[in-house]
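Take a look at the structure below.
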Amino acid sequence: MALIVQKYGGSSVSDAASIKRVAARIAETRNAGHDVAVVVSAMGDTTDELLDLASEITAAPPQRELDILLTAGERISMSLLAMAVSSLGFKAKSFTGQQAGVITDAVYGRAHIVDVVPHRIRETLEKGQVAIIAGFQGVDPVANDVTTLGRGGSDTTAVAIAAGLQADVCEIYTDVDGVFTADPRIVPSARKIEHTTYEEMLELAASGAKVLALRAVEYARRYNVPVHVRSSFTHVHGTLVTSAPARHTDDYFQHYREANVEAPIISGVAHDRSEAKITVVGIPDVPGMAARLFEVVANAGANIDMIVQNVSAQATGLTDISFTLPEGDGPSTLDAIRAVKDELGYAALRFDDEIGKLSLIGAGMKSHPGVSAKFFGALRDAGVNIEMISTSEIRISVVTRADLLDDAVRAVHTAFDLDGDAVAVVHAGTGR
Ligand code: ADP
Ligand code: ASP
Ligand code: MG
């Protein structure tokens with residue numbers, strides 16, 4: 001008997017029939033003798049629809065109100081799921097993030113979880129009942145206001161609840177069979193990864209593989225929570241993310257010990273369409289300019305990713321600095337840079353949201369020469385021009401034109417022999 005936290009994503013609970021199907025799966029887990037705490041996302045594309053609705057009211061909705069609006073999505077699914085589980089003869093109770101003891105900071109829209117005090121969840125489990133928790137939300141105890149954790153935040157709720165309850169495993173149920181070597185929606189020949197480490201999963205998630213939210217992986221690594229990403233539409237084994245799978249001795253992990261897969265050189269290719277590029281043209285190439293520019297950008301609240309500075313033309317002593325950031329942070333960041341135009345003395349400011357980022361990830365990169373050469377060769381053969389490059393010990397990322405991104409992903413995936421024999425099934429979801 002184990003304590004299992006199960007998280008069901010939006011595509012797994014998109015309508016009444018899916019909610020009943022998920023309830024049956026929870027009942028199955030209870031019948032197998034396990035304690036279950038469930039974290040649930042909003043139904044289908046509800047969060048996007050609520051965002052669309054808000055933007056029809058105003059271009060700049062107050063953050064506090066937007067968070068209250070978005071938390072409504074998970075309240076609908078949690079209560080319906082509790083009803084569905086109850087109708088199967090199990091006692092089930094739903095809880096908002098606040099009721100579940102998910103404490104966050106005060107940053108509306110992308111709050112960090114600072115603590116989890118899951119007394120009510122523990123009590124519920126001790127009575128043999130199923131606890132169902134709204135994902136993606138918490139409470140800022142200072143203002144006593146509800147907050148949301150950023151897109152994909154239900155994954156983080158699930159891992160945080162698992163850590164708070166010291167659960168044996170956190171299962172992330174989604175619309176694909178696990179984490180693949182690339183997004184199956186773009187690369188149908190992508191292969192399922194049997195197990196991977198927190199480090200590789202961190203790079204994949206940070207590079208845009210939205211199957212698992214980045215903060216959820218960070219949280220799992222910090223508290224050493226084993227995460228099992230799997231489909232709610234099949235019973236096949238998914239992808240296990242741990243520090244060292246073989247360490248786990250209980251039955252649950254037997255499949256992964258037996259699989260004993262040799263660590264590959266490359267674990268996968270990720271892509272990201274959500275970023276934009278700002279170029280500050282003709283900025284004086286003197287000490288302190290980059291420091292001042294990025295101070296202004298940081299104060300605007302933007303999380304920048306890649307940075308490139310051109311070699312300055314000697315005759316002019318001017319240079320160009322380009323950086324990428326989440327597309328949504330574009331307007332406020334541009335305003336902030338425009339406000340200090342005289343101080344920075346640049347000539348022009350450009351904004352480009354037609355970019356895509358492609359990343360190759362693999363721990364084996366550290367010790368195998370030639371990975372970069374093969375990577376750039378594949379992009380050349382696919383006719384893809386590279387606009388920016390950044391690397392870490394286990395990742396190479398490039399920025400390309402957005403319309404070439406899918407072809408580039410497939411070309412790199414093939415060049416590194418990642419294609420499998422079977423077609424990677426996408427069971428549901430709109431990919432939104
Ligand atoms: P959920 O609603 O269950 O949270 P998400 O849409 O957030 O589901 O995440 C699942 C989706 O992530 C898949 O449908 C797939 O298109 C996408 N995805 C991107 N990269 C990968 C990858 N490497 N492996 C699996 N899925 C991926
Ligand atoms: N419903 C939220 C979103 O769509 C949180 C989540 O599903 O993880 O981002
Ligand atoms: Mg998700």
Side-chain angles (χ1 to χ4, degrees), residues 6-14 18 22 39-52 66-67 69-78 97 109-111 133-138 147-160 171-194 196 200-201 203-217 227 229-233 238-239 241 266-274 358-361 405-406 409 413 418 420 424-432:
Q6 298 186 331
K7 178 255 169 177
Y8 292 93
S11 52
S12 298
V13 291
S14 58
S18 318
V22 163
V39 173
V40 71
S41 289
M43 293 170 69
D45 291 331
T46 300
T47 306
D48 288 298
E49 287 154 14
L50 292 173
L51 282 168
D52 290 348
L66 195 59
D67 272 16
L69 175 71
L70 295 186
T71 55
E74 270 73 9
R75 290 179 80 125
I76 296 173
S77 50
M78 75 179 198
R110 48 180 165 200
I133 301 142
F136 173 59
Q137 55 178 265
T147 52
T148 65
L149 309 178
R151 300 308 304 271
S154 297
D155 294 343
T156 317
T157 305
V159 173
E171 296 183 329
I172 304 284
Y173 284 91
T174 185
D175 53 14
V176 287
D177 287 340
V179 181
F180 283 73
T181 49
D183 184 343
R185 284 179 206 271
I186 292 181
V187 187
S189 57
R191 272 199 305 243
K192 190 178 76 191
I193 299 171
E194 283 288 322
T196 188
E200 282 181 307
M201 197 61 230
E203 293 280 2
L204 279 168
S207 306
K210 70 165 182 163
V211 62
L212 205 50
L214 175 61
R215 285 196 187 158
V217 189
V227 177
V229 183
R230 60 190 312 193
S231 164
S232 69
F233 297 82
T239 302
V241 187
I266 298 300
S267 48
V269 185
H271 72 280
D272 189 348
R273 248 180 263 281
S274 68
L358 181 156
S359 305
L360 181 73
I361 289 118
L405 188 60
D406 289 3
V409 169
H413 194 265
L418 296 171
V425 184
V426 179
H427 300 280
T430 61
R432 198 172 167 184

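It should be emphasised that the depicted structure is a prediction, and the values quoted were computed from it without experimental measurement. Whatever order the structure lists them in is the order used to number ligands and atoms, beginning at 1.
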N or O pair under 3.5 Å between Gly150 and ligand 2: no
Lys7 N/O to ligand 2 N/O under 3.5 Å: no
Whether [X] side chain and [Y] backbone form a donor-acceptor pair below 3.5 Å:
| X | Y | value |
| --- | --- | --- |
| Glu74 | Ala42 | yes |
| Gln137 | Thr71 | yes |
| Thr174 | Gly9 | no |
| Thr157 | Phe136 | yes |
| Asp155 | Ala213 | yes |

Contact atoms of ligand 2, heavy-atom distance to Ser41 under 4.0 Å: 6 (C), 7 (O), 8 (O)
Close approach, Gly135 and ligand 2, non-hydrogen under 4.0 angstrom: no
Any Gly9 heavy atom less than 4.0 Å to ligand 2: no
List, for ligand 1, each N/O atom that has a protein N/O partner under 3.5 Å away, with both atom names and the distance.
unit_1   : atom_1 : unit_2 : atom_2 : d
ligand 1 : 2 (O)  : Gly10  : N      : 3.3
ligand 1 : 3 (O)  : Thr174 : OG1    : 2.7
ligand 1 : 4 (O)  : Lys7   : NZ     : 3.1
ligand 1 : 6 (O)  : Lys210 : NZ     : 3.2
ligand 1 : 8 (O)  : Thr174 : OG1    : 3.1
ligand 1 : 14 (O) : Asp175 : OD1    : 2.7
ligand 1 : 14 (O) : Asp175 : OD2    : 3.4
ligand 1 : 14 (O) : Arg185 : NE     : 3.3
ligand 1 : 14 (O) : Arg185 : NH2    : 2.9
ligand 1 : 16 (O) : Asp183 : OD1    : 2.8
ligand 1 : 16 (O) : Asp183 : OD2    : 3.4
ligand 1 : 16 (O) : Arg185 : NE     : 2.8
ligand 1 : 23 (N) : Phe180 : O      : 3.0
ligand 1 : 24 (N) : Phe180 : N      : 2.9

Nearest-neighbour protein heavy atom for atom 6 (C) of ligand 2, which is reported as residue plus atom name and distance: Ser154 OG, 3.3 Å
Pair Asp406, His271: side-chain N/O donor-acceptor within cut-off below 3.5 Å: no
Donor-acceptor pair between Thr148 and Asp67 side chains, under 3.5 angstrom: yes
Heavy-atom nearest neighbour of atom 4 (O) of ligand 2 within options Arg151, Glu74, Lys210: Arg151
Contacts of type salt bridge (Lys or Arg N to Asp or Glu O under 4.0 Å), residue Arg230, not counting sequence neighbours: Glu171
Test applied, side-chain hydrogen bond (donor to acceptor under 3.5 Å, both in side chains); reference residue, Asp175; option that passes from Ser14, Ser231, Ser11: Ser11
